[in-house]
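What follows is one structure encoded as structure tokens, with my remarks underneath.
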Amino acid sequence: MTTYRTRHGGTLRADDIGTEVQLAGWVARRRDHGGVAFIDLRDASGIVQIVVNPDESPASPEVLRSLRSEFCISVTGLVRARPEGTNNPEMKTGEVEVAVGKLDVLSPADVLPFQLDDRFDADESRRLKYRYLDLRRDRMAANLRARSAVIKAMRHVMEERGFLEVETPTLVVSTPEGARDMLVPSRLRPGQFYALPQSPQLFKQLLMVAGVERYYQIARCYRDEDFRSDRQVEFTQLDLEGSFWDQEGVLDTLEAIAAGVVREVRGIDIPRPIPRMTYNEAMSRYGTDKPDVRFGMEIRQLDELFAASEFRAFADTLAEGGTVRGLNAGNAGLSRAGFDKLVDQAKALGAKGLFWMVVEEDGTVRSPVAKFLTPDELAGLVAAMEAQPGDALLVVADEFHTAVGVLGQLRLDLGQPERHDDLEFLFIVDFPVFERAADGGLAPAHHPFTAPVDVEEMRNSPETAVSKSYDMVLNGAELGSGSVRIHDPETQSQVFEILGISREQAEVRFGWFMEALRYGTPPHAGFAIGVDRLVSILQNEQNIREVMPFPKTQTGADPLTGAPGRVEEGQLAELGIEVRADVKAEWSSSQGGVAPPESA
RNA sequence: GGGGGCGUGGUGAAGUCUGGAGUUCACGCCGGCCUGUCAAGCCGGAGGUCGCGGGUUCAAAUCCCGUCGCUCCCGCCA
């Protein structure tokens, strides 16, 4: 057996002085003084300085001179204290160095396509094309380690609480609900398709029927929708489900997970219990169901203040059942043009308009609409908004969801901290069962297997009925959601009915699942946490690609491997699939993926 | 499907608004000097058809049109 090393260089400390060690790693930096030369040797544990001194080292000057960035080398030498005054307190290994006796090049490296330097980023598609180099950078290596630490902490809590890790299939049946499915053609059944799972939802519920009682899985999920900085087609969730517990049981477990993960990655304890807020309260105070509570700037309700107002914009809105809401943007230092921009933005977000006011030093209010409001109304507004001189007030009169939604967005634009080490976990509870879809019909707020708090309420007033569902929010990002599930077939049928899915349709799509519910299904509930989002927030990364080892670009491509690519005609024929002529025509003019090599 | 931003030696940027010689800065690369540096330093050098195509112009990195790629956002994400 070949021994490449006896120690990891990054772990060497003053205690190790006097030991002979063998190290292996990469040349992170070389400082050649003509005589003595220093090499920063990097391995997975960190960096240690090695010294090549011609007076004491048999290492060949030719070998030394040939060394370039990122050569993979092995060295043998003595750990010793650095000479007086040359310690480097910036480095964990800064008190020691390794005096090289023997130095071997295990593997040379070409000149790099970009510099592995955390001070600035290369173009991202270049980084992705050479991801194996990008991942050598401290920042990326730290992200990989953090990701591993997060999953380790999750597993620890799950195992401690008696959860059983079960793998569910990744080739499943397509259900035309929710997001687009990623499809996989079947060779044995030409013309038919598997789907990659959007989540293990129905399988984990079947595991409850199967008597597993406590299930978890680090599950890869797929949703074929457009990319965002926090969304990839392929992503990872901690998926969990349990029987004979309720919302409290789930939230208690989630809190333990959050605490365990933060402890493992950040080394700190989060405040417990994690605060809770109802969906309605979140919408009213922050205009979103995933509020960032690291800062205030809450939305205020001004209906009573303007109940008798003669200002048409307010009076008409209130008469139509709308609402007047205000936001104190603080001393934003906005110019007239700046306010005009906010007005345009509010309109783009769907509001009929946006009224702005600035509180002057003497307490009076400067605003294009000040003349339409009475002195009492203006004074009341300043009081209600707790405004100080210099503060900018933004007011929207509109239908509830529009009013709070627009102000909620402006709140984020004007107040959101850019980088912030604080971690503000929050549970949002009491989501509605349904919400209005774009087409005017009702859609499940979570998914159609979520239990309503009250079946009668759901039937009588589906628009306002509350469900037993909950989200976990961290710093304004939705980390995941879950619910108590429906465990009796009758309630499940009623939900489908309200959603406009007939018994026949439900039977075709979910009959296999509905049937399972008829065999003594225990009450059960669960959750799924987005691992990528959690890690990116913990690591202060703005984009989940930074915490995924091999992510795709926004157009779904992998610059490294060339995926997605075309396949040979023969492969398609076996699958009973043909690429349309108009699509083939596009191949010559643009992307069209990587073509397969010509087969003989 | 829609809106915004970006594309300049190997890398990152400035130059583009207001057209006038491929100009500049930092890093890297190559060569030389240098025995205590740690983003080593000093000296010298090479390297770019300004993403691609078309147009306007005496003249285009710069203005116009198209196209490709990357990115952020809206839609979408049960």
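A note on names: the letters A, B, ... follow the listed sequences, proteins ahead of strands, and every chain is numbered from 1.
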Nearest to side-chain heavy atoms of A:Thr553, which nucleotide of B:rC38, B:rG36, B:rU71: B:rU71
Under 5.5 Å and under 30°: A:His33 stacked on B:rG36: no
I'd like to compare against my own output: the B/S/- annotation of nucleotides 73-78 of chain B with a strict under-4.0 Å heavy-atom distance to protein. SBBBBB
If only atom types and distance count, is the side chain of A:Asp558 paired as donor or acceptor with the main-chain N or O of A:Leu560 below 3.5 Å? yes
Partner nucleotide of B:rU16 by Watson-Crick or wobble geometry (both distances under 3.5 Å): none
Distance, rounded to the nearest Å, where A:Asp118 contributes CG and B:rC27 contributes P: 18 Å
Give every pair of a protein N or O atom and an N or O atom of nucleotides 4-13 of chain B that lie under 3.5 Å apart, one pair per line with the distance.
unit_1	atom_1	unit_2	atom_2	d
B:rG10	O2'	A:Pro113	O	3.2
B:rG10	N2	A:Gln115	OE1	2.9
B:rU11	OP1	A:Arg126	NE	3.4
B:rU11	OP1	A:Arg126	NH2	2.8
B:rG12	OP1	A:Asp123	N	2.7

Base, sugar-phosphate, or nothing: which does A:Asn543 touch, judged by heavy atoms less than 4.0 Å apart? sugar-phosphate
Listed partners of A:Phe235 passing ring-ring contact (aromatic ring centres under 6.0 Å, His included), at least two apart: none
What I want to find out is whether A:Arg31 reaches A:Asp40 closely enough, with some N-O distance under 4.0 Å, to be called a salt bridge. yes
Which residue pairs pass the side-chain hydrogen bond (donor to acceptor under 3.5 Å, both in side chains) test with at least one member in residues 221-232 of chain A, sequence neighbours excluded? A:Arg180-A:Glu225
Does A:Asp121 come within less than 4.0 Å of A:Arg137, counting only side-chain N to carboxylate O? yes
So A:Arg545, base contact, sugar-phosphate only, or nothing? Heavy-atom distance under 4.0 Å. sugar-phosphate
Can you list everything that forms a side chain to side chain contact (heavy atoms under 4.5 Å, CB included) with A:Thr521? Sequence neighbours excluded, please. A:Val209, A:His487, A:Leu517, A:His524
Span that lies between the C1' atom of B:rG10 and that of B:rU56, in whole angstrom: 35 Å
Selection residues 491-501 of chain A - residue pairs positive for salt bridge (Lys or Arg N to Asp or Glu O under 4.0 Å), sequence neighbours left out: A:Arg459-A:Glu497
Any side-chain N or O of A:Arg31 under 4.0 Å from OP1/OP2 of B:rU37? no
Looking across every strand, which nucleic acid part, if any, lies under 4.0 Å from A:Arg29 by heavy atom: base, sugar-phosphate, or nothing? sugar-phosphate
Check every strand shown and say whether A:Glu97 touches a base, only sugar-phosphate, or nothing at a heavy-atom separation below 4.0 Å. base
Partner of B:rC29 by Watson-Crick or G-U wobble geometry, both contacts under 3.5 Å, or none? B:rG45
